[in-house]
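Quick note: numbers below take in every heavy atom, side chains included, and nothing from hydrogens, waters or symmetry partners. When a residue number appears, it is its place in the shown sequence, counting from 1.
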Amino acid sequence: DGVVPAAAHHRGRLVRAVVTGAAGFAGRHLVAHLQASGDDVAALDRDDDHPVDVTEADSVRDAMVALRPEVVFHLAARRGEFETADLQSV
């Protein structure tokens with residue numbers, strides 16, 4: 001069907017991946033795909049049991065040191081409606 005398993009993108013070996021925004025629509029589908037491919041996945045979201053707020057550098061740094069990922073898929077997004085001017089504060 002033309003779908004290439006995630007592990008194949010890494011020269012045939014499985015990888016340790018972190019997915020931010022893992023509870024969102026795209027994040028949860030990516031996590032499922034990576035896990036189905038056999039990759040070791042840490043799903044991060046600020047609403048999880050072990051929350052990581054990607055707007056807080058110390059929180060992200062601590063998670064990366066603890067998890068030691070080989071690849072990070074950054075899918076976290078700001079929720080809700082906001083004005084274009086708000087983007088400058090992100």
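When every heavy atom of Leu14 is checked against every heavy atom of Glu70, the shortest pair comes out as O-OE1, 4.3 Å. Taking every heavy atom of both residues into account, Ala22 and Val31 meet most closely at CB-CG2, 4.0 Å. Considering all non-hydrogen atoms of both residues, Ala23 and Asp45 come closest at N-OD1, 3.3 Å. The two residues Val18 and Pro69 have their closest heavy-atom pair at CG2-CB, 3.5 Å.
Legend: salt bridge (charged side-chain N to carboxylate O under 4.0 Å, His left out) pairs involving residues 15-24, not counting sequence neighbours: none detected.
Atom CD of Glu56 sits about 10.0 Å away from atom CZ of Arg46, to the nearest 0.5 Å. Within the model, atoms CG of Asp40 and CD of Gln35 stand 9.0 Å from one another, a figure rounded to the nearest 0.5 Å.
Remark: Arg68 engages no residue in a salt bridge (Lys or Arg N to Asp or Glu O under 4.0 Å) (not counting sequence neighbours).
Under a 3.5 Å cut-off, the side chain of Thr20 and the backbone N or O of Leu75 do form a donor-acceptor pair. Counting only distance, with no hydrogens or angles, the side chain of Ser59 and the backbone of Val52 share no donor-acceptor pair below 3.5 Å.
Checking Asp39 against Ser37 by side-chain atom types alone, no donor-acceptor pair falls below 3.5 Å.
In this structure, the side chains of Val19 and Val41 come closer than 4.5 Å at one or more pairs of heavy atoms.
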